[in-house]
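As structure tokens, the structure follows; a few thoughts come after it.
It should be emphasised that the depicted structure is a prediction, and the values quoted were computed from it without experimental measurement. Both backbone and side-chain heavy atoms feed into the values below; hydrogens, waters and symmetry mates do not. We name chains A, B, ... by the order of the sequence lines, and we start the count at 1 in each one.
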2 protein chains.
Amino acid sequence: MARPAAPVAVDTMGGDHAPEEVVAGAVGAVREHGVRLILVGQAPRIRAELDRHGIAGEIPIVHADEALDMGEGALASWRKPRSSIAIACHLIKQGRASALVSAGSTAGVVATSRLRLKGQQGVLRPAIAVTLPTEPRPTVLLDAGATADVKPETLVQFAALGTAYAQVRLGLAKPRVGLLTIGAEPGKGNKVTRRAHELLASGQHGVEFAGNVEGHDLLRGTVDVVVTDGFTGNVALKTMEGTVRMAFAEMRSAMTASPAAKVGALLQRRRLQALRDRFDSDTYGGGVLLGLNGTVVIAHGAAQARAITSACLLAHELAAGRIVDRIREQVAATRTSRFGRWTHNDREGDKQDRPADKPADRPAEEAPPAAAPPPVVRPTPEAADRLAEAAPEPPADS
Amino acid sequence: MARPAAPVAVDTMGGDHAPEEVVAGAVGAVREHGVRLILVGQAPRIRAELDRHGIAGEIPIVHADEALDMGEGALASWRKPRSSIAIACHLIKQGRASALVSAGSTAGVVATSRLRLKGQQGVLRPAIAVTLPTEPRPTVLLDAGATADVKPETLVQFAALGTAYAQVRLGLAKPRVGLLTIGAEPGKGNKVTRRAHELLASGQHGVEFAGNVEGHDLLRGTVDVVVTDGFTGNVALKTMEGTVRMAFAEMRSAMTASPAAKVGALLQRRRLQALRDRFDSDTYGGGVLLGLNGTVVIAHGAAQARAITSACLLAHELAAGRIVDRIREQVAATRTSRFGRWTHNDREGDKQDRPADKPADRPAEEAPPAAAPPPVVRPTPEAADRLAEAAPEPPADS
């Protein structure tokens with residue numbers, strides 16, 4: 001019998017509505033979907049919340065002294081080595097958790113995860129993948145904000161990361177990958193995308209490249225994966241969210257501007273509600289940070305219980321689908337090609353078998369400061385006991 | 001009495017529906033708004049279209065042997081020195097036209113205009129400004145696609161270009177300028193935007209800098225001008241257009257999915273039509289290429305008559321507002337600041353008084369080929385005669 005995947009660690013201190021909504025969402029994931037969880041954060045507060053849900057003692061807790069504030073950015077990851085998110089990362093490193101979920105500030109979660117989990121072997125830079133609600137099936141967009149400055153080779157790797165993600169999450173054998181740029185022809189775009197197009201079009205990277213896509217293609221569902229840098233992807237994603245929000249607000253006001261229109265709105269209520277739900281970020285479970293030694297699901301900071309439940313479920317499914325292994329395979333396919341040596345810090349003989357995470361893997365400007373303190377993780381004895389206790393059985397389908 | 005502004009040159013051969021819709025739109029601009037125009041393109045076809053509108057002989061025509069195809073990109077500007085767009089540029093250089101309108105391919109129009117009109121003195125790169133239908137007043141977004149690769153200094157200049165444009169088009173004395181990036185704090189963004197933020201925040205550039213804005217702020221109307229590079233701006237604009245289109249399509253389907261919902265839709269018809277119009281690109285007149293020695297209004301390739309009329313009116317208003325002079329003043333304000341020497345090809349003593357458009361003004365990778373043929377413009381004798389004829393009087397308010 002295969003060993004069941006380790007539980008998902010939930011950072012209960014991250015998010016605008018932490019810990020109440022985060023714990024409520026975690027309880028939903030356990031009760032409705034049978035997902036195994038570990039809750040990380042201030043133990044007394046978590047216990048109080050679990051009491052309120054009548055589920056105390058059923059979900060293990062690991063105490064964390066500190067928490068990142070929502071306003072804190074990347075530096076907090078060094079300032080607070082005992083934050084709930086840092087401890088959740090440590091549980092993954094120890095093999096006690098398979099993935100983690102946080103609704104903390106994206107900058108803080110990304111920086112802490114990069115520092116604690118480190119990049120996967122061979123991966124130049126991590127990327128955040130989000131799933132757009134296109135039809136007939138969703139579209140994966142990456143990077144939505146982890147890596148603002150990229151090289152062409154980084155975009156090729158993002159294509160590999162996105163391919164692995166679409167395989168695990170959407171169950172597609174050969175996801176079609178598009179490159180986001182500003183013209184359909186190969187010669188269009190900026191310097192980085194023009195070169196990335198050449199590399200991807202060479203067909204040497206184990207990726208099903210479908211060519212360039214433009215901004216108006218993002219919601220058309222013409223490809224399964226859209227690849228871009230973290231700057232453009234973040235702008236595009238937020239532009240999309242802002243436009244949808246504005247369009248619905250305008251529609252609502254147009255639809256209730258007169259008594260006759262109000263009657264009309266009543267007659268359409270159910271369908272419009274369904275439509276709103278499709279575009280409600282609560283339903284699509286947040287972004288996923290790919291390329292590290294562990295899966296990190298980043299829920300929206302404003303996430304309510306339902307969004308946290310979705311995020312826990314997603315983290316569980318990605319861990320069960322062994323997303324980290326799939327990414328390693330895909331990235332290896334780009335590296336064993338005739339472009340195998342394009343990673344800019346590669347040295348002779350330094351290929352598949354090199355140890356991961358040496359500083360040389362990263363260009364100097366992004367290397368973590370040498371003085372970064374090692375992670376200091378001291379779960380309370382009580383929490384350690386709880387960890388040892390039997391957690392709920394994994395769902396039958398995992 | 002001040003000399004009235006020269007007429008607007010209209011490229012009748014550019015666009016998916018050229019020349020029929022272009023001529024129809026030009027006729028609308030003349031008849032409804034009293035704008036003075038010169039129509040450039042194949043004279044017999046233009047004359048036939050004018051005959052159909054019963055306005056033959058009232059609008060001057062300048063013949064052009066060639067036209068850029070919609071699929072043709074930047075190279076066409078060298079291949080076809082006698083294209084309708086090249087001849088329209090020549091009319092501006094001769095002072096016979098004050099601005100030009102084209103619905104041709106953006107790449108072709110931008111490349112031809114850059115080659116023929118040349119960059120304004122002191123302007124590093126041109127930018128396309130578009131006007132987003134925000135409320136209570138519109139927001140100018142630039143660059144929407146002219147310059148895909150920028151330096152921080154280029155973004156500072158775009159802030160100056162956008163300021164001048166908002167002053168002329170929106171009548172604002174001190175337009176508030178935001179920098180599009182991926183976080184509200186100064187330290188957020190990619191390398192280029194972080195440095196651009198520093199430069200703009202110094203307050204030394206004659207620009208009312210309001211800080212960073214994000215993708216979801218684009219349609220909020222929180223600033224008057226949003227500055228970004230041509231790659232990000234083009235992706236954001238097309239993402240917005242695609243999202244609006246999708247949201248309306250979804251709404252329409254949700255609103256007519258059942259007999260009851262259909263009744264509802266009937267009751268809301270007028271308001272929804274008004275809303276659609278606000279987001280219809282036909283109503284906001286296309287993009288404007290800023291930073292050259294002449295104003296170029298680029299209508300959508302799919303523009304119908306109404307959009308061409310808007311574009312002609314916009315070109316006329318910008319010329320009447322002396323947009324080129326305003327840009328020169330704004331850019332001079334950024335150059336006379338203590339950052340006066342940051343333009344990367346500046347040399348000692350080479351400031352305000354240097355002759356414009358020397359090859360040294362441009363980094364090598366973007367300099368036009370030395371072998372580019374000079375513009376060869378030979379209007380037919382007939383067209384030259386027509387040009388000399390009296391054109392319709394300018395409207396009273398210009």
Can you confirm whether L132(A) sits close enough to M240(A) that some side-chain heavy atom of one is under 4.5 Å from a side-chain heavy atom of the other?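 Contact flag for L132(A)/M240(A) side chains = yes.
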
Closest non-hydrogen atom pair between L155(A) and T228(A), with its separation: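 In terms of heavy atoms, the two residues are closest at CD2-C, 3.5 Å.
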
Residue selection (most heavy-atom pairs with chain A, distance under 4.5 Å) from T232(B), V235(B), I182(B), T193(B):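 Heavy-atom pair counts peak at I182(B).
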
Atom group of L218(A) that falls short of 4.5 Å from chain B, counting heavy atoms: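 Looking at L218(A), just its side chain touches chain B.
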
Which answer fits T181(A), side chain, backbone, both or neither, if we ask what part of it has an atom under 4.5 Å from a heavy atom of chain B?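 It is both, since atoms from each part get that close.
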
Report the option among G230(A), G183(A), G145(A), A148(A) that has the most heavy-atom pairs separated by less than 4.5 Å from atoms of chain B.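 Maximum pair count with chain B is reached by A148(A).
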
Among D229(A), T239(A), L180(A), D217(A), single out the residue with the greatest number of heavy-atom pairs under 4.5 Å to chain B.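 The option with the most such pairs is T239(A).
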
R194(B) side chain to G189(B) main-chain N or O, any donor-acceptor pair under 3.5 Å?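 Pair found, side chain donor or acceptor close to backbone of G189(B).
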
Spacing of D224(B) atom CG and T131(B) atom OG1 [to the nearest 0.5 Å]: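 The OG1 atom of T131(B) is 11.5 Å from CG of D224(B), to the nearest 0.5 Å.
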
L290(A) and its side-chain contact (heavy atoms from CB on, under 4.5 Å) partner, picked from I128(A), V296(A), L142(A):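 Running side-chain contact (heavy atoms from CB on, under 4.5 Å) over I128(A), V296(A), L142(A) with L290(A) returns exactly one hit, L142(A).
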
